[in-house]
Amino acid sequence: MSVAQLTEAEAQAALADLPEWAPARDGTAIERHLKFDDFVEAFGFMTSIAILAEKHDHHPEWFNVYNRVEITLTTHDVPGDGNGLSQRDVDLAKAIDGLV
Ligand SMILES: C[C@H](O)[C@H](O)[C@H]1CNC2=NC(N)=NC(=O)C2=N1
């Protein structure tokens, strides 16, 4: 099912409320980079996100090396061919922030 893409103004307002997140991919995504003490901490965090993602029915793109986790949130269910930023990304970002 298709999900509304945020307008540029909505995206800016949402980002102002998410200081740990930066716009990415021409405004169609947001990303946050985190560093942990070690791999176990990083992977534990990713496991918690996996549970959140299932609850939200919204899933991150991410990159992990040892203690580093880079998360990209974007929505592929927006109208049209590409990806875009939606309220689902904002909600998942806030939920992820709540874990740290
Ligand atoms: C069918 C299911 O609801 C959708 O495919 C969900 C699943 N997880 C998702 N995750 C992300 N990042 N974007 C989506 O559009 C999306 N859609």
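Keep in mind that the numbers below use all heavy atoms, side chains included, and drop hydrogens, waters and symmetry copies. Note that the coordinates shown come from a computational prediction; the quantities given were computed from them, not determined experimentally. Indexing begins at 1, ligand by ligand and atom by atom, following the structure's order.
Of all the listed residues (R88, E54, H58), H58 holds the heavy atom that lies closest to atom 11 (C) of ligand 1. Residue nearest to atom 16 (C) of ligand 1, selected from H76, M1, H59: H76 (by heavy-atom distance).
At under 3.5 Å, a nitrogen or oxygen of D57, whether backbone or side chain, sits near a nitrogen or oxygen of ligand 1.
For the pair E31 and L73, the minimum side-chain heavy-atom distance is 4.5 Å or more. Counting only heavy atoms from C-beta outward, the side chains of E61 and T74 approach each other to under 4.5 Å.
Side-chain atoms of H58 and D91 include no donor-acceptor pair closer than 3.5 Å. Counting only N and O atoms by type, the side chains of D89 and T75 include a donor and acceptor under 3.5 Å apart. Looking at H59 and E54, their side chains do bring a donor and an acceptor atom within 3.5 Å of each other.
Within a 4.0 Å radius of atom 4 (C) of ligand 1, the protein contributes at least one heavy atom.
Considering only non-hydrogen protein atoms, atom 6 (C) of ligand 1 sits nearest to D77 OD2, 3.5 Å.
By the criterion of a heavy-atom distance under 4.0 Å, neither the backbone nor the side chain of D89 is placed next to ligand 1.
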